[in-house]
Peer 1: 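Dropping a structure here in structure tokens format, bear with me for questions.
Atoms within a ligand are numbered from 1 in the order they appear, just like the ligands themselves.
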Amino acid sequence: MRSSKIIHTVSCHAEGEVGDVIVGGVTPPPGDTLWEQSRWIERDDVLRHFILNEPRGGVFRHVNLLVPPKDPRAMMGWIIIEPADIPPMSGSNSICVATVLLDTGILPMTEPVTRLVLEAPGGLIEAVAECRDGKVQRVEIHNVPSFADQLDAWIDVPGIGSLQVDTAYGGDSFAIVDAHQLGFSVTADEARDLVETGMKITKAANEQLGFRHPLNPDWDHISFCQIAAPVTTENGVMTGANAVVIRPGKIDRSPCGTGSSARMAVLQAKGHLQPGERFISRSIIGSEFHCHIRELTTINDRQAILPAVSGRAWVTGVHQHMLDPADPWPEGYRLTDTWPSGIGF
Ligand SMILES: O=C(O)[C@H]1NCC[C@@H]1O
């Protein structure tokens with residue numbers, strides 16, 4: 001076999017959402033900070049196209065590039081590569097990264113608990129991994145400070161009408177809308193309609209409300225729409241299903257860690273969730289993240305929370321993505337039958 005490029009990945013999913021990890025074959029991008037390195041990856045499409053586009057990838061795939069940390073407190077840094085964005089943080093991807101680092105032995109595992117400090121472009125996180133028999137059983141992520149931005153704001157959504165939404169940040173930026181207001185019960189058979197509706201809401205929320213992170217003015221848009229079923233109490237625990245619509249048009253198969261953090265920030269701001277109380281976030285495929293608010297904090301005088309989100313991840317394979325020098329599509333291709341375009345912003 002001949003190849004002009006080989007990228008080694010360990011494939012993984014966290015509660016249903018793909019989060020493959022590049023463990024070799026890519027040199028760290030230039031930049032003095034993880035954030036700068038992540039903007040370099042965003043500007044340079046070569047890696048993104050090679051790994052995300054067909055024939056190697058698809059709109060469902062997220063890929064995490066391991067890089068040496070910049071912060072001396074961190075054991076590893078990583079850059080999250082999603083279909084539309086290179087985000088500051090990701091819950092499902094961080095659970096995949098922690099699991100792959102320990103299950104493969106890249107970082108040493110200590111049973112029954114291994115604590116990792118990892119550096120995402122959006123800041124340091126801690127991953128507390130429960131480990132047994134050489135396998136990570138569950139990872140609790142101590143996420144970056146999260147906060148509600150605009151509460152009960154009205155937007156006009158073409159084809160839908162006037163809608164009340166909350167906007168919030170949980171390591172990524174969200175417009176959160178009540179599913180029942182839209183006639184959804186957040187079940188798998190609604191997936192296509194949820195995506196079309198969510199994409200319109202994200203676009204309208206960006207145009208009419210916008211978002212800018214108070215400490216990182218570069219992060220200046222709303223990435224996702226979270227269509228959230230009202231919270232209920234199950235066995236004494238506050239529980240909420242959601243469908244997070246990811247640009248350019250797919251639903252998070254996991255309960256979305258950044259979305260769960262953003263939702264907890266809104267619940268706390270509205271007085272429905274207190275630090276220490278449990279919150280179960282449930283995905284459209286029925287998988288769960290177990291969450292709570294660790295403590296309250298502030299960002300530039302703005303009320304914020306420190307969220308904890310825990311979930312499980314499983315390795316699904318190892319791959320060597322290769323490029324035959326004669327392949328006429330070295331960066332692959334995407335078609336609008338499976339990779340929507342023209343909706344969003
Ligand atoms: O768990 C999360 O935060 C994410 N899942 C895929 C898209 C988001 O980054």
Side-chain angles (χ1 to χ4, degrees), residues 11-21 38 41-42 48 52 57-65 78-100 118 120-123 125 127 138-147 168-176 191 194-195 198-199 202 211 213 219 221-228 240-266 279-285 287-291 305 307-314 344:
S11 303
C12 191
H13 77 91
E15 303 292 353
E17 187 71 349
V18 169
D20 294 352
V21 182
S38 71
I41 292 281
E42 187 175 53
R48 280 222 277 192
L52 291 184
V59 74
F60 63 90
R61 189 187 294 279
H62 305 262
V63 184
N64 299 282
L65 172 62
W78 94 103
I79 295 166
I80 307 140
I81 303 173
E82 296 191 342
D85 281 311
I86 308 293
M89 217 332 248
S90 166
S92 57
N93 282 293
S94 55
I95 292 169
C96 287
V97 165
T99 300
V100 167
L118 302 175
I125 62 149
R138 174 173 285 277
V139 181
E140 180 173 281
I141 298 296
H142 295 172
N143 196 6
V144 297
S146 304
F147 54 89
Y169 179 83
D172 207 331
S173 36
F174 290 81
I176 304 176
L194 284 161
V195 163
M199 291 303 299
T202 305
F211 175 81
H213 193 284
W219 195 255
H221 70 268
I222 294 167
S223 296
F224 304 137
C225 174
Q226 177 172 176
I227 300 178
N242 75 67
V244 166
V245 179
I246 298 174
R247 292 181 300 123
K250 62 154 280 194
I251 295 182
D252 198 328
R253 274 68 173 142
S254 83
C256 193
T258 50
S260 303
S261 301
R263 190 172 191 189
M264 285 197 290
V266 169
F279 172 64
I280 293 179
S281 194
R282 186 169 291 143
S283 78
I284 196 162
I285 65 164
S287 59
E288 292 179 352
F289 282 159
H290 298 174
C291 314
I305 65 165
V309 172
S310 90
R312 302 158 304 165
W314 298 271

Peer 1: Can you check side chain to side chain contact (heavy atoms under 4.5 Å, CB included) on R138 and E140, steps first, answer last?
Peer 2: CA-CA 7 Å; R138 174 173 285 277; E140 180 173 281; over 6 Å; no

Peer 1: Going by the ring pair (Phe, Tyr, Trp, His ring centres under 6.0 Å) test, name the single residue among Y169, F147, F211, F224 that passes it with F174.
Peer 2: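 Option passing the ring pair (Phe, Tyr, Trp, His ring centres under 6.0 Å) with F174: F224.
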
Peer 1: Between CG of N242 and CD of Q226, what distance do you get to the nearest 0.5 Å?
Peer 2: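 CD of Q226 is found 4.5 Å from CG of N242.
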
Peer 1: Strictly below 4.0 Å, N to O, side chains only: are R312 and E15 in salt-bridge contact?
Peer 2: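 Judged by the 4.0 Å cut-off on N to carboxylate O distance, R312 and E15 do form a salt bridge.
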
Peer 1: Would you tabulate the polar-atom pairs, meaning N/O of ligand 1 against N/O of the protein, with distances under 3.5 Å, reported to 0.1 Å?
Peer 2:
residue	atom	partner	partner atom	Å
ligand 1	1 (O)	G91	N	3.4
ligand 1	1 (O)	S92	N	2.8
ligand 1	1 (O)	S92	OG	3.3
ligand 1	1 (O)	G257	N	2.6
ligand 1	3 (O)	G91	N	2.8
ligand 1	3 (O)	G257	N	3.3
ligand 1	3 (O)	T258	N	2.9
ligand 1	3 (O)	T258	OG1	2.7
ligand 1	5 (N)	S92	OG	2.8
ligand 1	5 (N)	D252	OD2	2.6
ligand 1	9 (O)	E82	OE2	2.6
ligand 1	9 (O)	S90	OG	2.8

Peer 1: Tell me whether R247 contacts the main-chain N or O of S223 through its side chain, where contact means a donor paired with an acceptor under 3.5 Å.
Peer 2: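 Checking the backbone N and O of S223 against the side chain of R247, a donor-acceptor pair under 3.5 Å is found.
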
Peer 1: So, K250 and E17, do they make that salt bridge, N to O below 4.0 Å?
Peer 2: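 Yes, this pair counts.
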
